[in-house]
Amino acid sequence: MATLFEPVQLGSFVLANRVFMAPLTRTRADAEGVPSALAATYYSQRASAGLIVTEATQISPMGKGYSNTPGIHSRAQVQAWSHIAESVHKSGGRIFLQLWHVGRISHTSLLPNNAQPVAPSAIRANADTHIATGSAEVSEPVALSASGIKQTLADYRSAASNAKEAGFDGVEIHAANGYLIDQFLRTGTNQRTDEYGGVASNRIRFLAETVETVLEVWGSRQVGVRISPTVDFNDMTDANPLETFSVAVEKLNSYGLGYLHVVEQAQDSIGSAEEAVNLSAHLRTLWNGVYVVNGGYDGPKGEEAIRAGHADAVAYGRAFLANPDLPRRLQLGTALNELDPATIYGGGAAGYTSYPTLS
Ligand SMILES: C=C(C(=O)O)c1ccccc1
């Protein structure tokens, strides 16, 4: 019977424990999408995680949806990330980069030549984003053409290659939380009538093609996928999440990926926490690899999820922001530092690299 603090095999890696650091947007990159100079310290402080998944990182200028989020498509970005990955490795950690395209969750002021955001269908989200002047409603998107889809897949390939050049141990494909791939998966945002829309086996096609593209660069065990079947953040709905995500997971099984990362609960979740965990429990029975859960877990709940076989690892988000040495604190059962919500996004060292570790 495994525990949170036992190693877990991920491809050729033996990860030190099953306390993963979830992807956490911090909006501290510069205007060119180059990560903060403090990011190497921030991530290496948290290197005791079994696995770190970086903050969501846009694959291209068109994949950007918020001010000050990092990219992995320019030389300066790759250079900065290579220093971060090296710092984490020197601290004994393992780190995957999360590949992100926001799709419709963007604003014309953030995009090249003030372009409209792209999406599976031209359906504007009832959602806000953050631009240079503050909060703003997202812009009306345009539906991706067949050539636009091909270009986006090429951008995923280039970004995956850049992540490899930067020295990451792998990549996580962001298919959750109402961003581009999730917009293709779910019926509320995908009303296409071509081979990418309609039945679930069509709606998962873009996810499948993205995975296959990334696998041209990375070994299968060095690729993870994150999904969020019951999260409605960014105005997401689906007619039948059980069907949509069962079909998606069964397709993902065919690739022999490193892990599946499932967001069970978020602030904006459809239905009850119980429904979310029940759907996740069903997906767990379908998945034939390492299963990672996230959302609402503390130490004891995480321990129980591993003990009961519900998951092979638990990804912690906000707890890791405030506790760089979270695995040790959870194992000792010591008090956790309290998160300062005012410093989650933006700013400098305060609330980023300033949280103390146990003496
Ligand atoms: C990348 C995000 C996600 O996956 O939810 C995100 C973006 C902006 C704020 C919080 C989270």
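Remember, it's 1-based here, ligands and their atoms both numbered in the order they're listed.
Of the residues listed (F96, W81, Y43), the one engaging F168 in a ring-ring contact (aromatic ring centres under 6.0 Å, His included) is W81, and it is the only one. Considering L51, V314, T3, I306 as possible partners of R18, the one that fulfils the side-chain contact (heavy atoms from CB on, under 4.5 Å) test is I306.
Ring geometry for F184 against F206 counts as parallel: the plane angle stays under 30°, on a 0 to 90° scale with 60° as the upper cut.
Donor-acceptor pairing under 3.5 Å is lacking for the side chains of E209 and Y156. Of the N and O atoms on the side chains of T244 and R203, at least one donor lies less than 3.5 Å from an acceptor on the other residue.
Note on E304 versus K301: no salt bridge recorded, every NZ/NE/NH1/NH2 to OD/OE distance being 4.0 Å or above.
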If you look at each N/O of ligand 1, which protein N/O atoms lie under 3.5 Å away, and at what distance?
unit_1, atom_1, unit_2, atom_2, d
ligand 1, 4 (O), H174, NE2, 2.8
ligand 1, 4 (O), N177, ND2, 2.9
ligand 1, 5 (O), N177, ND2, 3.1

